[in-house]
Colleague: 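The structure follows.
The first residue in the sequence is number 1, and the count goes up from there.
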Amino acid sequence: MVWSATSRTRQMTEKFSPAIGLGNCHLQTVFARFHRPDSWVATECHWYYTPDGDQLGLHLPKPLEDCPDRPLVLILHGLEGSVASPYAQGMMDALMRKNFQVAVMHFRGCGGVPNKLLRAYHSGDSEDPRWLAGELRKQLPDTPIMAVGYSLGGNVLLKWLGEDGEGSPLAAAVAVSAPMDLHACSHRINTGLSRFYQRHLLASLKNSLEKKAMEATLADAMPNLKEPGNFASFRRFDDAFTAPLHGFRDVDDYYTRASSKPLLKHIIRPTLIIHAEDDPFIDPAAIPTKSEVGPGVQLNISKHGGHVGFIGGSLWRPKYWLEKRIPEFFRSVSCH
C-alpha cells in the first residue's frame, strides 16, 4: 500500500470520488434516505440483559455460528439510528455477500423501544459494546469479532479501542464519520445549514425521551422536557440531559471525557478511520493527523463524502462506496 507524503493526514491511494451530480456535502449526506427509504434486510431481535438491570437489543439477519472462517462484524449505529438506518441495511447486505456474519447493536433506548433505566446512551458509551462483545465471545469462542461504527457509534468504537489497547477483543474495526472531538463538533453542527441536522436530531431525541417519560417513575427523575431551551442546541441538550444522566459534571466534562481523539494513539488493533473533510456534522479540526493515531490505525480521508455518505457512480446509478471499501478492509485483515 502506497501512502501520500504530502497530505496532513495519512491517506490511502484508493480515494473516494463523489457521484456525478452528488458532489455537494449535503446531497451526499441525505441522498440515501430518499434512494433507500425502506429496509430490505429482515432481522430478528435478541435481547441481552445488562448487569445494571437494563437491556440491549442485538439484531441478527441470520443465526450466529461459531466459525473461525466467518468473522462476526458488530455494527454500531449513529445518533438515533437503528438496524433500519440505510447505512446499516446496506452494510449488512454487503458483508453477508462476502460471507461475514453480521449483527447490529441497538444502543439503549434506540429502535423505538425505551430502555428501562433513566440513563440511555451517549457518544462515549464504550461500556455497553464492550460488555456485549464479552457475551458474544462466550457464545462464539472461536469466531473473530470485528466492528464498524458510524458517526456516534464510530466515536464510541474508537474510544473503546483506545481504552482497551492490546487487550481489545476486536480483531479489526472501521469508524465512519466519527465526531472524535466533541467540543469542536458541537460548535460545527450549530452553524450554517448544519443546524437543520441538529434540529432534526434534537426533535428525535425529544420524542424518544417523551416515550420514556410515559413511565411515571422515570418521568419524575428526568430534567424538564417542556423547557424549549434544553433542546435549542446539542450543547444545551447535553448539559441538561446527557451529562447529568450519565455521571458527568457538566457538558464540558462530558465532551472532554467522551471524545475519542485523545485515545487514538493507543489503538493497536487494525483500524480504518474513514472521514470526509466536507462533513457538515464535524469540524475539520477533529480529523486526526498521522502523529495522533496508534500503529494500528489507517486514515482514509477524502475531500468529499459528506456525513456517512460516500456515494460514487452517478446520480442515476449510485454506488455506495463504503459497502465496497469496508468489506475489502475486513477481508484483507482476515487474510493475514
Colleague: May I ask you to check whether D66 and T143 show a side-chain donor-acceptor distance below 3.5 Å?
Modeller: yes
Colleague: When clusters are formed by joining ILVMFWY residues with side-chain heavy atoms under 4.5 Å apart, either directly or through shared neighbours, do Y320 and F310 land in the same one?
Modeller: no
Colleague: Between H59 and I75, is any pair of side-chain heavy atoms under 4.5 Å apart?
Modeller: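 The answer is no, as the side chains (C-beta and beyond) never meet within the 4.5 Å cut-off.
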Colleague: When clusters are formed by joining ILVMFWY residues with side-chain heavy atoms under 4.5 Å apart, either directly or through shared neighbours, do L117 and L56 land in the same one?
Modeller: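 No, it is not one cluster - the side chains of L117 and L56 are not joined through contacts under 4.5 Å.
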Colleague: When you look at I282 and R188, which way does the side-chain contact (heavy atoms from CB on, under 4.5 Å) test go after all the steps?
Modeller: CA-CA 6 Å; I282 296 172; R188 173 70 178 88; 5.6 Å; no
Colleague: Would you call R331 and E328 a salt bridge, taking side-chain N to carboxylate O under 4.0 Å as the test?
Modeller: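 No, no charged N to carboxylate O under 4.0 Å.
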Colleague: Without hydrogens or angle criteria, can the side chains of T271 and Q298 be said to hold a donor-acceptor pair below 3.5 Å?
Modeller: no
Colleague: Are the side chains of P280 and Y197 in contact, using a 4.5 Å heavy-atom criterion?
Modeller: yes
Colleague: Would L22 and H304 count as a side-chain contact (heavy atoms from CB on, under 4.5 Å) if you check the C-alpha gap in whole Å, the side-chain angles of each, and the deciding distance to 0.1 Å?
Modeller: CA-CA 10 Å; L22 291 176; H304 305 287; over 6 Å; no
Colleague: Are side-chain N/O atoms of S302 and K15 paired as donor and acceptor at under 3.5 Å?
Modeller: no
Colleague: Atom CZ of F330 and atom CG of L272: how far apart are they, to the nearest 0.5 Å?
Modeller: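 It is 8.5 Å, given to the nearest 0.5 Å.
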Colleague: So do F196 and V30 actually touch side chain to side chain, heavy atoms under 4.5 Å?
Modeller: no
Colleague: With a 4.5 Å cut-off on side-chain heavy-atom distances among I, L, V, M, F, W and Y, is there a chain of contacts connecting I189 to L27?
Modeller: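 No.
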Colleague: Side-chain donor-acceptor pair under 3.5 Å between H246 and Y121, yes or no?
Modeller: no
Colleague: With rounding to the nearest 0.5 angstrom, report the OG1 to CG distance, T242 to D250.
Modeller: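 CG of D250 is found 12.0 Å from OG1 of T242.
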Colleague: Parallel, tilted or perpendicular: which describes the rings of F248 and Y254, with under 30° parallel and over 60° perpendicular?
Modeller: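 F248 vs Y254 ring planes: tilted.
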Colleague: For R70, give me all partners under side-chain contact (heavy atoms from CB on, under 4.5 Å), at least two apart in sequence or on another chain.
Modeller: E65, C67, N99, Q101
Colleague: Going through the distances and angles, do F31 and N24 end up as a side-chain contact (heavy atoms from CB on, under 4.5 Å)?
Modeller: CA-CA 11 Å; F31 178 79; N24 180 276; over 6 Å; no
Colleague: Between S151 and H307, does any side-chain donor sit less than 3.5 Å from a side-chain acceptor?
Modeller: yes
Colleague: Quick check against the 3.5 Å criterion: does E292 have a side-chain atom that pairs as donor or acceptor with the backbone of L264?
Modeller: no
Colleague: Judged by atom type as modelled, is there a donor-acceptor pair below 3.5 Å linking the side chain of S314 to the main-chain atoms of R317?
Modeller: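 It does hold such a pair.
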Colleague: How many angstroms lie between CG in L205 and CG in N230, if you round to the nearest 0.5 Å?
Modeller: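 Spacing of CG (L205) from CG (N230) equals 12.5 Å.
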Colleague: Please give me the minimum heavy-atom distance between T50 and Q55, naming the atom from each residue.
Modeller: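 For T50 and Q55, the tightest heavy-atom pair comes out as OG1-N, 4.1 Å.
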Colleague: Start with the C-alpha gap between S260 and N155, add the side-chain angles, then the distance that decides, and say whether side chain to side chain donor-acceptor pair (under 3.5 Å) holds.
Modeller: CA-CA 6 Å; S260 64; N155 185 72; 2.7 Å; yes
Colleague: Of all the heavy-atom pairs spanning I268 and P295, show the shortest one and how long it is.
Modeller: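 Smallest interatomic distance, heavy atoms only, reads CD1-CG, 4.1 Å.
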Colleague: Minimum heavy-atom separation for L158 and A178, please, with both atom names.
Modeller: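 Looking at all heavy atoms of both residues, the closest pair is CD1-CB, 4.1 Å.
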Colleague: Is there side-chain contact between K265 and P288, with at least one heavy-atom pair below 4.5 Å?
Modeller: no
Colleague: Would you say the side chain of D181 lies within less than 4.5 Å of the side chain of D283, judging by non-hydrogen atoms?
Modeller: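 SC-SC contact between D283 and D181 ruled out.
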Colleague: Establish whether I301 and I311 are linked, either directly or via other cluster members, by ILVMFWY side-chain heavy-atom contacts under 4.5 Å.
Modeller: no
Colleague: Check whether L76 and L136 end up in the same hydrophobic cluster, where Ile, Leu, Val, Met, Phe, Trp and Tyr are linked by side-chain heavy atoms less than 4.5 Å apart.
Modeller: yes
Colleague: Is D125 paired with R119 through a side-chain N to carboxylate O contact shorter than 4.0 Å?
Modeller: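 Yes, this pair counts.
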Colleague: Look only at the side chain of S82 and the backbone of A84, and say whether a donor-acceptor pair between them is shorter than 3.5 Å.
Modeller: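 Yes; at least one donor-acceptor contact below 3.5 Å.
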Colleague: Where do L157 and G149 come nearest, in terms of heavy atoms and distance?
Modeller: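 Taking L157 first and G149 second, the nearest heavy atoms are CD2-N, 3.5 Å.
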Colleague: Working to the nearest 0.5 angstrom, can you tell me the gap between I20 CD1 and W316 CH2?
Modeller: 7.0 Å
Colleague: When you check the side-chain N and O atoms of Q198 and N190, is any donor under 3.5 Å from an acceptor?
Modeller: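 The criterion, which ignores hydrogens and geometry beyond distance, is satisfied for N190 and Q198.
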Colleague: For D239 versus P244, what's the shortest heavy-atom pair and its separation?
Modeller: O-CD, 3.3 Å
Colleague: Judged by modelled atom types alone, do S168 and D164 share a side-chain donor-acceptor pair under 3.5 Å?
Modeller: no
Colleague: As an exercise, state the distance from CD of E135 to CG of L140, rounded to the nearest 0.5 Å.
Modeller: 11.5 Å
Colleague: Is the shortest side-chain heavy-atom distance between L225 and F241 below 4.5 Å?
Modeller: yes
Colleague: Less than 4.0 Å between a side-chain N and a carboxylate O, is that true for D54 and K116?
Modeller: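 Looking at D54 together with K116, the answer is no, because their closest N to O distance does not fall below 4.0 Å.
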Colleague: Compute the centroid of each ring, for Y150 and then for H77, and state whether the two points are separated by less than 6.0 Å.
Modeller: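 Ring-ring flag for Y150/H77: false, centres at least 6.0 Å apart.
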Colleague: Hey, does the side chain of H275 reach the backbone of V176 with a donor-acceptor pair shorter than 3.5 angstrom?
Modeller: no
Colleague: Under 3.5 Å, side chain of R269 to main-chain N/O of A172, donor-acceptor pair present?
Modeller: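 No: the side chain of R269 does not pair with the backbone of A172.
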Colleague: Please determine if K303 and D278 form a salt bridge, counting it only when a charged side-chain N lies under 4.0 Å from a carboxylate O.
Modeller: no
Colleague: Could you check whether T256 and H183, counting side-chain N and O atoms only, form a donor-acceptor pair closer than 3.5 Å?
Modeller: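 Yes, a side-chain donor-acceptor pair sits under 3.5 Å.
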Colleague: Any Lys/Arg nitrogen of E163 or R130 sitting under 4.0 Å from an Asp/Glu carboxylate oxygen of the other?
Modeller: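 Looking at E163 and R130, the cut-off is met.
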Colleague: Identify whether NZ of Lys or CZ of Arg in R36 sits under 6.0 Å from the centre of the six-membered ring of Y87 and within 45° of that ring's axis.
Modeller: no
Colleague: With a sphere of 6.0 Å drawn around NE2 of H187, does it hold more than 12 non-hydrogen atoms of other residues, nucleotides or ligands?
Modeller: no
Colleague: Tell me, do P223 and L245 make a side-chain contact under 4.5 Å, heavy atoms counted?
Modeller: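 Side-chain contact under 4.5 Å: yes.
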Colleague: State, to 0.1 Å, how close I145 and A133 come at their nearest heavy-atom pair, and which atoms those are.
Modeller: CD1-O, 4.0 Å
Colleague: Find the distance between OG (S177) and CG (L152) and round it off to the nearest 0.5 Å.
Modeller: 12.5 Å
Colleague: Could you give all pairs that pass the salt bridge (charged side-chain N to carboxylate O under 4.0 Å, His left out) test and reach residues 205-220, with sequence neighbours left out?
Modeller: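 Those involving residues 205-220 do not exist here.
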Colleague: For atom CG of L315, is the number of surrounding heavy atoms from other residues, nucleotides or ligands below 6.0 Å larger than 12?
Modeller: yes
Colleague: Could you walk me through whether V102 and L74 pass side-chain contact (heavy atoms from CB on, under 4.5 Å), step by step?
Modeller: CA-CA 6 Å; V102 293; L74 180 66; over 6 Å; no
Colleague: Side chains of L132 and L58: does their closest heavy-atom pair fall under 4.5 Å?
Modeller: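 Yes - at least one pair of side-chain heavy atoms lies under 4.5 Å apart.
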Colleague: Using a cut-off of 6.0 Å, state whether more than 12 heavy atoms not belonging to R137 lie near its atom CZ.
Modeller: yes
